[in-house]
Protein chains: 2
Amino acid sequence: MTVPKRSPCPVASMLDILGDKWTLLVVRDLLMGKQTYKALQDSPEGIPSNILAERLKRLEAEGILHKERYQANPVRYHYRLTDKGKELSDVMQVMVKWGNKHIAGTYTPAQIKQFIQQITG
Amino acid sequence: MTVPKRSPCPVASMLDILGDKWTLLVVRDLLMGKQTYKALQDSPEGIPSNILAERLKRLEAEGILHKERYQANPVRYHYRLTDKGKELSDVMQVMVKWGNKHIAGTYTPAQIKQFIQQITG
């Protein structure tokens, strides 16, 4: 089930799908290479598990990610962005630029890279 | 009062301020030149008045807009984007591009312009 559109405005239509404080963080993590439910749940913002599960379903329904079973018992999935999802990278990049310029204390792309290397060893 | 940050991630920090289905639509309208409460309320998405009032307060607290009294009795304000707010135009542009490419039936920039000319006469 996909979400209904409020208007023909592309910004409003995009926000109908992605406009909340969690969904783009899931996309961010997938863009950075996270693939499993566990990895997505371990992000520093602490997404509640029920919200993560709901957002993954919604993103799949919207064709932004697809999931693939990699283990049968218990069932486990890999989550990967589709091309439509990968192209959100452009949106993410301008958000990073705006955030770095206007919000004190936010990590630059270089600091983000360093941070990820630290936590992933 | 500004919102607390969930993490040093610039995307998360930006979503702490702007990540909901209404706030960026208010910014969109201000970017397109709307200035009054009435004009902001008249957008096709039908923002509820209490939400509009709350979002205008939040955007002012975050330094994204400033308001200026233009009438004393009854009190009326003009709302205008600061430079920090105006620079969200970059974010808006990539969102339009993504929306046009991936969400069927969304207006292109040319169609948006035409639509605005129609409703503003």
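Within every chain, numbering begins at 1; the chains are lettered A, B, ... in the order of the sequence lines, protein sequences first and strands thereafter. Since the model is a prediction, treat every value here as computed from it, not as a measurement.
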### Query
Quick one: are B/Met95 and A/Val94 in side-chain contact, heavy atoms under 4.5 Å?
no
#### Entry: Most chain B-contacting option - heavy-atom pairs closer than 4.5 Å, from A/Ile112, A/Leu18, A/Leu24, A/Leu15
A/Leu15
No hydrogens needed, just list the donor-acceptor pairs between chain A and chain B under 3.5 Å.
{"from": "A/Lys5", "atom 1": "NZ", "to": "B/Ala104", "atom 2": "O", "distance (Å)": "2.5"}
{"from": "A/Arg6", "atom 1": "NH1", "to": "B/Lys21", "atom 2": "O", "distance (Å)": "3.0"}
{"from": "A/Arg6", "atom 1": "NH2", "to": "B/Lys21", "atom 2": "O", "distance (Å)": "3.0"}
{"from": "A/Ser7", "atom 1": "OG", "to": "B/Glu45", "atom 2": "OE2", "distance (Å)": "2.6"}
{"from": "A/Pro8", "atom 1": "O", "to": "B/Tyr107", "atom 2": "N", "distance (Å)": "2.8"}
{"from": "A/Gly19", "atom 1": "O", "to": "B/Lys21", "atom 2": "N", "distance (Å)": "3.3"}
{"from": "A/Lys21", "atom 1": "N", "to": "B/Gly19", "atom 2": "O", "distance (Å)": "3.2"}
{"from": "A/Lys21", "atom 1": "O", "to": "B/Arg6", "atom 2": "NH1", "distance (Å)": "3.0"}
{"from": "A/Lys21", "atom 1": "O", "to": "B/Arg6", "atom 2": "NH2", "distance (Å)": "3.0"}
{"from": "A/Glu45", "atom 1": "OE2", "to": "B/Ser7", "atom 2": "OG", "distance (Å)": "2.5"}
{"from": "A/Lys84", "atom 1": "O", "to": "B/Trp98", "atom 2": "NE1", "distance (Å)": "3.0"}
{"from": "A/Glu87", "atom 1": "OE1", "to": "B/Lys101", "atom 2": "NZ", "distance (Å)": "3.0"}
{"from": "A/Glu87", "atom 1": "OE1", "to": "B/His102", "atom 2": "NE2", "distance (Å)": "3.0"}
{"from": "A/Glu87", "atom 1": "OE2", "to": "B/Lys101", "atom 2": "NZ", "distance (Å)": "3.1"}
{"from": "A/Trp98", "atom 1": "NE1", "to": "B/Lys84", "atom 2": "O", "distance (Å)": "3.0"}
{"from": "A/Lys101", "atom 1": "NZ", "to": "B/Glu87", "atom 2": "OE1", "distance (Å)": "3.0"}
{"from": "A/Lys101", "atom 1": "NZ", "to": "B/Glu87", "atom 2": "OE2", "distance (Å)": "3.1"}
{"from": "A/His102", "atom 1": "NE2", "to": "B/Glu87", "atom 2": "OE1", "distance (Å)": "2.9"}
{"from": "A/Ala104", "atom 1": "O", "to": "B/Lys5", "atom 2": "NZ", "distance (Å)": "2.5"}
{"from": "A/Tyr107", "atom 1": "N", "to": "B/Pro8", "atom 2": "O", "distance (Å)": "2.8"}

### Message
Less than 4.5 Å to any heavy atom of chain A: does that hold for the side chain of B/Leu88, its backbone, both, or neither?
### Response
both
### Message
I'd like to know which of A/Cys9, A/Gly99, A/Pro10 tops the heavy-atom pair count under 4.5 Å against chain B.
### Response
A/Pro10
